[in-house]
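Lettering follows sequence order; numbering is per chain, from 1.
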Protein chains: 2
Amino acid sequence: MAKLRPTISDVARQAGVSKGLVSFALNDRPGVAAGTRLRILEVANEMGWRPSLRARSLSTDRAFALGLVIARDPDIMSGDPFFPAFIAGVETALAPVGQSLVLSMVQSEEAEISSYRQLAAHGRVDGVILSDLRRDDPRIALVSELGLRAITLGHPDAASPFPAISVDDSPGIRAAVAHLADLGHERIAHVAGPSRMLHGIRRSNSFASVLRERGLVDTLVVETDFTAADGARATRELLALADRPTAIVYSNDVMAIAGLGVAQRSGFEVPRDLSITGFDGSDVGAHIYPSLTTVTTAVQDWGRQAAELLLRVIAGEDSDDIELAPAQLLVRESSAPPETNTTTTTAP
Amino acid sequence: MAKLRPTISDVARQAGVSKGLVSFALNDRPGVAAGTRLRILEVANEMGWRPSLRARSLSTDRAFALGLVIARDPDIMSGDPFFPAFIAGVETALAPVGQSLVLSMVQSEEAEISSYRQLAAHGRVDGVILSDLRRDDPRIALVSELGLRAITLGHPDAASPFPAISVDDSPGIRAAVAHLADLGHERIAHVAGPSRMLHGIRRSNSFASVLRERGLVDTLVVETDFTAADGARATRELLALADRPTAIVYSNDVMAIAGLGVAQRSGFEVPRDLSITGFDGSDVGAHIYPSLTTVTTAVQDWGRQAAELLLRVIAGEDSDDIELAPAQLLVRESSAPPETNTTTTTAP
DNA sequence: TAGGTTGTCTAAACCGGTTCAGTTCGGGAG
DNA sequence: CTCCCGAACTGAACCGGTTTAGACAACCTA
């Protein structure tokens, strides 16, 4: 015979007080005599009482959960190291405080919107983490209109009522390009992410600005949808150019690996004939041949701090924007000086 | 001023009936006159009434959510195509019925156990999906003791109160090995997953049994933890053998890609000097050079059907085990006949 | 000693649904 | 014309917490 879990009324009866007082005692609120509080806690503990999240949810109008809606094709997700690490980080912040993560993975913009609507309508979460910001991102207005709390991963391109927690990609991209330029590359291409995504734009801008600073060509840019297939396509296009690049900076590791495949298949030897760099260092990039020079960020930490920030927002505490340690270049084998039979550069 | 969302009492008042009757009407239960029901639905719709999930949760003792606890290191997750696709599939089953997925990613067995305990104690979910089954998996007893409903991905190695939804790996593995044997390979190795995981064991067994049937060596097996790093390590060990294998069957694509890297780095040309096959076809495997022969399953469909099965279990409907279409071999470029002129190739 | 203040506690309302016992009413059978 | 029955509906309890108004006693002050 399974004995039902005790309720707050059971505790009250057992302790000989009213259930209201038990509630006060258990929530550490003033107005309870020290001795009584102790006795109540003791009785509750002894009876194995656990608060009912549902009852608490109903009466306090909170969900004790955060939401994350990922709008990406599973194909893109499949090789991407970002979300697993990010979610693992979120978890480390939530578990200790008894909160949960409600995850939704959608594959179209309509599904994305209805996903946020459902989360809000059902009161499923107290706040959401907005990732993969886009230009004029409709989610910001939507989410605030729905009355959800939120934070953004990165700064949106318009005014936003939500705090942002960001990792500056620029130093990483700049370091990658500078690294290649320092090696002597003059025609450096960029296989960019979708231009509707802000981090894609930012990376592209950083890319272009370093090149301009150095007086190098900054027009070798191909936009992609972040998939391996599109990374391969972009690489084929670049390598087919009459004046092909000698180095390619990719916006993620998956595309870089696919690009490496294309290059090798076409008879180019990397890094002798072509240098490549990735982004958002994946585990596998370290083990391919040649190993992939890439740009890494502390994603798991990002996840943890994002969750902590959102919890503070929900609690109504002051919460300013957070700027995390910038992305860092990790030089491995896939980058080297270009073949030297090309024209030599003159030192400034 | 924002008007508060209407409650069932508001609808009742507006329609001139009791709130009990509104509840009956909205839940399509008998005992409501057709005309009245229509009027109530009309009023509710007009007022924009949405049921409060929290109130419903409290009174019906249900969560309207499913749980998934993933106990893997983010490093392993990062290149693995399984969970993103699986979760996307789950979502397609949940969204239409207004349910949600509560996801938890943990990195230790204690954290895993306490994660299930929290989900149950908080009544956060009505059931859980048990993935990555292990031998003598403690979660089966735990989860049933906690009173959660559940389904397992694959058949556990002991009696289980939960239905299983499985994809038979054997045909895929057997096809991969047969493919290699048919090409003429005689020394075929296996880079296996952790032996504590049932699917790892099953794949190893299938591997060994085909080899025995064909009278080939079945002892070239190295166990790994599924990471790229460990896949690389296993490959180095195998290639260092005096009588090295001419083909390697990997238990996932990430390790196969890492293995390819190791082989190429050691001067082996794939597939001329060494054939390799992966498992759980990832997007990127199609774009490396040489492209990866692998074994694929319809993971997204698996996710959708798993969620649907669990929903049936929760609803108390009959729910038998489900056997999905078996894994299939996808032959690409990384497998070819062994070199016939030399029995042993020496590493440069 | 009266009056006010403070601290401790109780009772009841409340969150927004579901469910059940019981009341009302109309129609068919006898 | 009754009587009975089932369909339609009401009112209230219930889920398990939180919160507020108010009761009561002890203590302090004038």
Using whole Å, report how far CZ of A:Phe24 lies from P of C:dG7.
14 Å
Please state whether the rings of A:Phe86 and A:Phe82 are parallel, tilted or perpendicular, taking 30° and 60° as the class boundaries.
parallel
Say whether, by atom type as modelled, one donor and one acceptor occur between the side chain of B:Asn27 and the main chain of B:Ser23 under 3.5 angstrom.
yes
Would the number of heavy atoms belonging to other residues, nucleotides or ligands and lying under 6.0 Å from CD of B:Gln305 be above 12?
yes
Please check if the number of heavy atoms outside B:Gln107 that lie under 6.0 Å from its CD is greater than 12.
yes
Between C:dG17 (C1') and B:Arg50 (CZ): distance, integer Å:
16 Å
So which one's nearest nucleotide on DNA chain D is more toward 5', A:Val22 or B:Arg37?
B:Arg37
With nearest nucleotides of DNA chain C determined for A:Ala34 and B:Leu26 from heavy-atom distances, which residue corresponds to the more 5′ nucleotide?
A:Ala34
Toward the 5' end of DNA chain C, by each residue's nearest nucleotide, B:Gly20 or B:Arg54
B:Arg54
Assign A:Thr36 to base, sugar-phosphate, or nothing according to its heavy-atom contacts below 4.0 angstrom with the strands shown.
sugar-phosphate
Considering every strand and a 4.0 Å limit on heavy-atom distances, what is the contact class for A:Thr60: base, sugar-phosphate, or nothing?
sugar-phosphate
Touch check for A:Gly35, heavy atoms < 4.0 angstrom, all strands: base, sugar-phosphate only, or nothing?
nothing
Comparing A:Ile8 and B:Arg39 on DNA chain D - which has the more 5′ nearest nucleotide:
B:Arg39
Atom CZ of A:Arg62 to atom P of C:dC14: distance rounded to whole Å?
21 Å
Output the rounded distance in Å from CZ (A:Arg29) to C1' (C:dT8).
15 Å
Say you draw a straight line from OG of B:Ser166 to CG of B:Leu324; how long is it, rounded to the nearest 0.5 Å?
7.5 Å
Distance under 4.0 Å to a non-hydrogen atom of chain B counts as contact; along DNA chain D, which nucleotides mark the start and end?
D:dA8 to D:dG16
What contact category does A:Asp61 fall into here, base, sugar-phosphate, or nothing, at under 4.0 angstrom with non-hydrogen atoms?
nothing
Could you check whether B:Ser23 gets within reach of a base, just the sugar-phosphate, or nothing at all, counting any heavy atom under 4.0 Å?
base
Side chains of B:Arg124 and A:Ser100, donor plus acceptor under 3.5 Å
yes
d(B:Leu310 CG, B:Gln99 CD) to nearest 0.5 Å is 9.0 Å
